[in-house]
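So the structure is just underneath, and the comments pick up after that.
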Amino acid sequence: MVLHRDFFQRDTVLVAKDLLGKKLIRKINNKKCTGIIIETEAYRASDDPASHARIRKTKRNRMMFEEVGHAYVYFTYGMYHCLNVVARNKKFNAGAVLVRGVYPQLGLDMMSKLRNNTKIQNLTNGPGKLTQALDITLQDNGNDLTKYSSLYIANGIKIKKIHKKTRIGISRGTDKKWNFSIDPHDYF
DNA sequence: GACACGATTGGCT
DNA sequence: GCCAATCGTGTCC
């Protein structure tokens, strides 16, 4: 079952936690590739110095200000894409959750090919890796993830324990513990 | 118009 | 653990 829009109409930090265990579904040439979300990070608005949306709306970050439940994909380091889900409550004008890792379930052969035959353990355990494995690019920016299409999010598994720490790869906003993850060992 | 740098990764020491 | 690869974007002059 695909997630409802209301799910994303809540505080970005809360949505980041609740996305753990949900299923990310990608259809490539009519073939289904799926993974369970195991790591996320919240990026909010003017209150968050690490967020792309900390200053104002720009060409790149504009999706963070648009309707919740849509994808915000950006290109970084000259070679990688990162997948975010737009989420915020009414208190903020922007916000998104970065999907940093999924546990691969279906379509391992397809993902492996797209990742140049990297072994399973390193297939989708990073923001740049999972977009490569699922062929997610700027073409997917703005995609409605609450509708059945070539990219959407559905209910997944029940979560036991959530790990919480500071976000990865940022130089500002290091006081906020907005990185959330689950241990795949506990479920798979 | 120029330029510094990044919500990363893989390879090498 | 360290560092190069690689280029679009945002900020500043």
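- Looking at heavy-atom distances under 4.0 Å, A/Asn122 makes no contact with the nucleic acid at all.
- Both A/Ile37 and A/Ile120 belong to a common hydrophobic cluster when Ile, Leu, Val, Met, Phe, Trp and Tyr are linked at side-chain heavy-atom distances under 4.5 angstrom.
- The nearest whole Å value for the distance from the NE2 atom in A/His81 to the P atom in B/dA7 is 15 Å.
- Backbone-only contact: A/Arg115 has heavy atoms under 4.0 Å from sugar-phosphate atoms and none from a base.
- Among the heavy atoms of the strands lying under 4.0 Å from A/Arg60 are primed sugar atoms or P, OP1, OP2 only; no base atom is included.
- Residue-level contact check: A/Arg56 touches the backbone only, with heavy atoms under 4.0 Å from sugar-phosphate atoms and none from bases.
- In this structure, A/Gly78 reaches the bases: a heavy-atom distance under 4.0 Å links it to at least one base atom across the strands shown.
- Residue order along DNA chain C, read from the 5' end via each residue's closest nucleotide, puts A/Tyr80 first among A/Tyr80 and A/Leu138.
- Within a 6.0 Å sphere centred on CG of A/Leu14, heavy atoms belonging to other residues, nucleotides or ligands number more than 12.
- Counted by atom type alone, A/Lys57 and A/Asn61 present zero donor-acceptor pairs between their side chains at under 3.5 Å.
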Using Watson-Crick and G-U wobble pairs whose two distances are both under 3.5 Å, how do you write the pairing of DNA chain B as dot-bracket, with | for links to another strand? ||||||.|||||.
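- If you measure from atom CD of A/Gln132 to atom P of B/dG10, you get 7 Å, rounded to the nearest angstrom.
- Across all their heavy atoms, A/Val86 and A/Tyr72 have their closest contact at CG2-CB, 4.2 Å.
- Scanning all heavy atoms of the two residues, the minimum distance from A/Asn143 to A/Ser149 falls at OD1-OG, 3.5 Å.
- Other members of the cluster containing A/Ile25 are A/Val2, A/Tyr148, A/Tyr152, with ILVMFWY side chains joined at under 4.5 Å, either directly or via other members.
- Using a 4.0 Å heavy-atom cutoff across all strands shown, A/Ile170 reaches sugar-phosphate atoms only and no base atom.
- Counting only heavy atoms from C-beta outward, the side chains of A/Asn179 and A/Lys164 never approach each other to under 4.5 Å.
- Salt-bridge annotation for A/Asp11 and A/Lys91: absent, with no side-chain N of the basic residue lying under 4.0 Å from a carboxylate O of the acidic one.
- In this structure, A/Leu98 is not a member of the same hydrophobic cluster as A/Phe92, with clusters built from ILVMFWY side-chain heavy atoms closer than 4.5 Å.
- A cation-pi contact, defined as under 6.0 Å to the ring centre and within 45° of the axis, links A/Arg167 to A/Tyr43.
- For C/dT6 and B/dA2, the P atoms lie 23 Å apart once the distance is rounded to whole Å.
- A cation-pi arrangement, defined by a distance under 6.0 Å to the six-membered ring centre and an angle within 45 degrees of its axis, is absent between A/Arg10 and A/Phe8.
- Hydrophobic clustering, with ILVMFWY side chains joined whenever heavy atoms are under 4.5 angstrom apart, groups A/Tyr187 together with A/Phe180.
- Summarising the geometry, the separation between CZ on A/Phe75 and P on B/dT9 is reported as 13 Å, rounded to the nearest angstrom.
- Placement of A/Phe188 and A/Ile162 within a single hydrophobic cluster is found when ILVMFWY residues are connected by side-chain heavy-atom separations under 4.5 Å, directly or transitively.
- Of the residues in residues 15-25 of chain A, not one places a heavy atom less than 4.0 Å from an atom of DNA chain B.
- In the 5' to 3' direction, nucleotides of DNA chain C lying under 4.0 Å from heavy atoms of chain A begin and end at C/dA5 to C/dT11.
- Residue side chain A/Tyr77 meets the stacking definition with respect to B/dT8: its ring centre sits within less than 5.5 angstrom of the base's six-membered ring centre, and the planes differ by less than 30 degrees.
- Looking at A/Leu24, A/Leu106, A/Val102 one by one, the single match for side chain to side chain contact (heavy atoms under 4.5 Å, CB included) with A/Thr34 turns out to be A/Leu106.
- Rounding to whole angstrom units, CD of residue A/Gln121 and P of B/dT9 are separated by 16 Å.
- Within a heavy-atom distance below 4.0 Å of DNA chain B, the residues of residues 35-53 of chain A found are A/Tyr43, A/Ala50, A/His52.
- Taking atom CG on A/Leu123 and atom P on B/dG10, their separation rounds to 10 Å, with Å as the unit.
- Atom CG of A/Leu98 is separated from atom C1' of B/dT9 by 14 Å (rounded to the nearest Å).
- Within the structure, ring-ring contact (aromatic ring centres under 6.0 Å, His included) contacts touching residues 106-146 of chain A (residues at least two apart or in different chains) do not occur.
- Here the P atom of nucleotide B/dT8 and the CG atom of A/Asn179 are 11 Å apart, to the nearest Å.
- If you measure from atom NZ of A/Lys176 to atom P of B/dA7, you get 16 Å, rounded to the nearest angstrom.
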